[in-house]
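Chain A is the first sequence line, chain B the second, and so forth, proteins listed ahead of strands; every chain is numbered from 1. Remember, predicted model here, so these are calculated numbers, not experimental data.
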Number of protein chains: 2
Amino acid sequence: MKQNSKYKYEYERPALASDCVMFGFDGGELKLLLIEREKEPFKNKWSLPGGFVFMQETTEECAKRILLEKAGIKNVFIEQLYTFSEIERDPRERIISVAYFALVNTQQYEVIAGRDTLKAEWFELSKVPKLAFDHSKIVKTAIQRLKGKVSYQPIGFELLNEKFTLTQLQALYEAILEEPIDKRNFRKKILGMGFLKALEEKEKNVAHKAARFYSFDKKAYKELTQKGIHFEL
Amino acid sequence: MKQNSKYKYEYERPALASDCVMFGFDGGELKLLLIEREKEPFKNKWSLPGGFVFMQETTEECAKRILLEKAGIKNVFIEQLYTFSEIERDPRERIISVAYFALVNTQQYEVIAGRDTLKAEWFELSKVPKLAFDHSKIVKTAIQRLKGKVSYQPIGFELLNEKFTLTQLQALYEAILEEPIDKRNFRKKILGMGFLKALEEKEKNVAHKAARFYSFDKKAYKELTQKGIHFEL
DNA sequence: ATCCTTAGTGTAAAATTTACACTAATATCA
DNA sequence: TGATATTAGTGTAAATTTTACACTAAGGAT
């Protein structure tokens, strides 16, 4: 026990932390933001961005703070994933981690990530190395959750620009679900749901027919949800 | 700070607890096990069974221990629900709660629950009073989760006897989803999935045609899952 | 002007879902 | 013991949804 141990409790308490699985997409495979650890344990190993929960913040606020501090990212979709409480998950002492997953538009944040001295890098899912602590397990859980969720909640849009083409959207779903989708059926279905707003704008400077941009119409989606109509792919 | 405060930390730490939402079913409406608080705060208010997490147990082990200690229940389906971390959720001090939900065969445990001095009682969902702390919110989250989950995972069986009739199973789904289901279509679909084993045994001493009993064939279900065939109602 | 590449579109067949009503079995009651 | 009351158990046709599939349009590059 350190000398400057200021807080005393009658019963032993585990430490509380939050780790974030950040998914990004820029057209190819789904990506994950990882951070190289600077200290022991697991020095120089890749890990999820994470940190201890302050007394004045909820775990979600903590997760958002971590995203900002470690990757310069804010205002993104974030959702609680799972709480990991294995006793030996951290070799130093007992630390409970409330994990979150975030969906990030990679294009928008590519540059900002890793702005301070931290070594942060996007990894394609198939190229993610073995991670520090139980972070590989956390990532696995997050992928499962994302796959499961993407078919019945319109969260995929969070990974794209505000304006996107249907081809981009389809590529995203194919990347997440890891299976090919029929172009015509996909368009029929997704447009039929009535929450995609066709924009006037089209792609520019492409060496082929320019694709129309669409945006996700949150208001229309909300109205549909309230009518009991639910997204399903 | 009490005098016998034996554990010292450099940074302030919240306490860690676990609360359990136990769902039970005995044919009518879905039920919830609640416990009357004996102490302040919220003295004499109904609350979820809960308790602090020990250093030698995971949160799930803690939840199972609570089920056993407070309701005499063991070997039931349990799953992590959500972690509640609002700063003021407990008026005494900051307590993080990792909530779990459990599915219990009410018939099997009716008697055991409330065996010690605790006042424990099953409440029909529509008759659940306002609960202590943020427990009403936890219950709401649990109901949402159960409703969402029951359609694509065969967890409903956990609420029934090992042997059940199709009518019982249908009644359970109707109770959870809160909507009527067509008898013939329900049977066609659920039997078509191939994980219900028809037993020889039938109901006895009923004043009408005796219904056949079925059981959930875990092995068959596992095989189907591995083949990529998934439950869906 | 030709080529290359991706956008955008419809239809027919198959599969699934829905709506719906009568006979069978068994204890109870008159 | 026969009538009654109650729930079990079953099939089919129509509607809807899902699937499979191929060509023309547009735009920059050569």
Checklist outcome for this item: Contacts of Glu86(B) meeting side-chain hydrogen bond (donor to acceptor under 3.5 Å, both in side chains) (sequence neighbours excluded), chain-then-number -> none

Item to check | Glu232(A) CD to dT17(C) P, straight-line distance once rounded to whole Å | outcome: 10 Å

Next on the checklist: Run Tyr221(B) and Phe216(B) through ring-ring contact (aromatic ring centres under 6.0 Å, His included) and show every step you take.
Outcome noted: CA-CA 8 Å; Tyr221(B) 174 69; Phe216(B) 177 62; 5.7 Å; yes

Checklist entry - Of the residues in residues 193-201 of chain B, which ones touch DNA chain C at a heavy-atom distance under 4.0 Å? => result none

Item to check | Between dT17(C) (P) and Phe186(B) (CZ): distance, integer Å | outcome: 14 Å

Next on the checklist: Would you call the rings of Tyr152(A) and Tyr152(B) parallel, tilted or perpendicular, taking 30° and 60° as the class edges?
Outcome noted: tilted

Checklist entry - Counting N and O atoms only, with roles assigned by atom type, does the side chain of Glu29(B) sit under 3.5 Å from a partner on the main chain of Ser126(B), one being a donor and the other an acceptor? => result yes

Checklist outcome for this item: Rounded to whole Å, NZ of Lys189(A) lies from P of dT16(C) at a distance of 14 Å

Checklist entry - Just wondering, more than 12 heavy atoms not from Glu162(A) lying within 6.0 Å of its CD? => result no

Item to check | Letter per nucleotide, 5' to 3', of nucleotides 1-11 of chain D [B base touched, S only sugar-phosphate touched, - untouched; heavy atoms, 4.0 Å] | outcome: ----BBBBBBB

Next on the checklist: For a quick test of reading the model, state the closest non-hydrogen atom pair linking Phe213(B) to Glu203(B) and the distance between them.
Outcome noted: CE1-N, 3.6 Å

Checklist entry - How far apart are the C-alpha atoms of Ile176(A) and Leu159(A), what are their side-chain angles, what is the distance that settles it, and do they pass the side chain to side chain contact (heavy atoms under 4.5 Å, CB included) test? => result CA-CA 11 Å; Ile176(A) 295 176; Leu159(A) 287 157; 4.1 Å; yes

Checklist entry - How are the rings of Phe157(B) and Phe164(B) set relative to one another: parallel (under 30°), tilted (30 to 60°) or perpendicular (over 60°)? => result tilted

